[in-house]
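Each chain gets a letter, A, B and so on, in the order its sequence line appears, and its residues count up from 1.
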Amino acid sequence: MSELGRPLPQEFYARPADRLAPALLGTVLAVHSEQGTAMGRIVETEAYVGEEDLACHAAKGLTQRTTVLYGPAGTAYLYLIYGMYDLFNVVAAPEGVPHAVLIRAVELLQGPLNGARGDGPGRLTRALGIDRSLNGTSLLGPRLTIHPGRAPATITVTPRVGVAYAGAWADAKLRFLDADSRAVSRPSPRSIGRPG
DNA sequence: TTATCGATGGTA
DNA sequence: ACCATCGATAAA
């Protein structure tokens, strides 16, 4: 049983998503349920930085769907994509500022693992046993928590995945990866390949 | 009420 | 490269 430090405090989350996203690399997402605790070390994140960001859901403004983005930092934002996958995000920035960090990959430490892997935003939610019923849940516990972990030695920065429609924002370098992890969702320009 | 479109992943 | 699958949003 690995040791988890205290959950990251609310203040940790209350900063712009482009600064929170790299800070989350290496931290451990824990999902607590009757079954036990599922855990994964976060190795890939993307920042979505508010109403001006055409790739951010809040580009549509305040709607029923985006309500939690406008709420306090340190809240889970989960939504269904492509009719099939639940994607997990961390709400960032002060209340009223709709920033979020998408968690795209984890190194699985402890399961449910429903036969799923951790290398992909749709996969990790299945592997950790979370879905959109947890939308709006606090990351201060008791259901979901994030804990300090081993920070990456090197962070790779690239444009975000799947946002080609977002005009100038499609090219923004807002995706962050642990360059030494092999659990990332897809090859990255710098960390791809194996030495010798 | 209806049409369009995804912050994906599995298969060919 | 193609497509399964469905909720949110915008248009009508």
Next on the checklist: Both distances below 3.5 Å, Watson-Crick or wobble geometry, any strand: find the nucleotide opposite dT1(B).
Outcome noted: dA11(C)
Checklist entry - Of R132(A) and M84(A), whose nearest nucleotide on DNA chain C comes first from the 5' end? => result M84(A)
Checklist entry - Do H57(A) and dA7(B) have a side chain to base donor-acceptor pair shorter than 3.5 Å? => result yes
Checklist entry - Should dG10(B) form a Watson-Crick or G-U wobble pair with both distances under 3.5 Å, which nucleotide is its partner? => result dC2(C)
Item to check | Verdict with reasoning, V106(A) to L108(A), per side chain to side chain contact (heavy atoms under 4.5 Å, CB included) | outcome: CA-CA 6 Å; V106(A) 301; L108(A) 292 171; 3.8 Å; yes
Item to check | Length of the CZ-P vector between F176(A) and dA7(B), whole Å | outcome: 19 Å
Next on the checklist: At less than 4.0 Å, is any side-chain N or O atom of Y82(A) found next to OP1 or OP2 of dG7(C)? Yes or no.
Outcome noted: no
Checklist entry - In terms of the nearest nucleotide of DNA chain B, which residue is placed more toward the 5' end: A58(A) or R123(A)? => result A58(A)
Item to check | Worked verdict on R41(A) versus D178(A) for salt bridge (charged side-chain N to carboxylate O under 4.0 Å, His left out) | outcome: CA-CA 10 Å; R41(A) 177 176 176 269; D178(A) 179 341; 3.1 Å; yes
Next on the checklist: Just the rounded figure in Å: distance from C1' of dG9(B) to CG of L87(A).
Outcome noted: 11 Å
Next on the checklist: Just the rounded figure in Å: distance from C1' of dA7(B) to CG of D171(A).
Outcome noted: 16 Å
Next on the checklist: Would R132(A) pass as a cation-pi partner of Y77(A), given that its NZ or CZ must be under 6.0 Å from the six-membered ring centre and within 45 degrees of the axis?
Outcome noted: no
Next on the checklist: Under a plain distance cut-off of 3.5 Å, with no hydrogens placed, do E107(A) and S181(A) share a side-chain donor-acceptor pair?
Outcome noted: yes
Checklist entry - Between dG7(C) atom P and Y85(A) atom OH, what is the distance in whole Å? => result 16 Å
Checklist entry - Any Lys/Arg nitrogen of R126(A) or D131(A) sitting under 4.0 Å from an Asp/Glu carboxylate oxygen of the other? => result no
Checklist entry - Roughly how many Å is it from CG in L78(A) to P in dC6(C), rounded to a whole number? => result 18 Å
Next on the checklist: Does a side-chain N or O of R104(A) approach OP1 or OP2 of dT8(B) to a distance below 4.0 Å, or not?
Outcome noted: yes
Item to check | Rounded distance (Å) that lies between atom P of dA7(B) and atom CG of L69(A) | outcome: 13 Å
Checklist entry - Counting any heavy atom closer than 4.0 Å, what does R160(A) reach on the DNA or RNA strands: base, sugar-phosphate only, or nothing? => result nothing
Checklist entry - Rounded to whole angstrom units, what separation is found between the CG atom of L80(A) and the P atom of dG9(B)? => result 13 Å
Checklist entry - So what does Y79(A) hit on the nucleic acid, given a heavy-atom distance under 4.0 Å: a base, only sugar-phosphate, or nothing? => result base
Checklist entry - Rounded to whole angstrom units, what separation is found between the CD atom of E44(A) and the P atom of dT8(B)? => result 10 Å
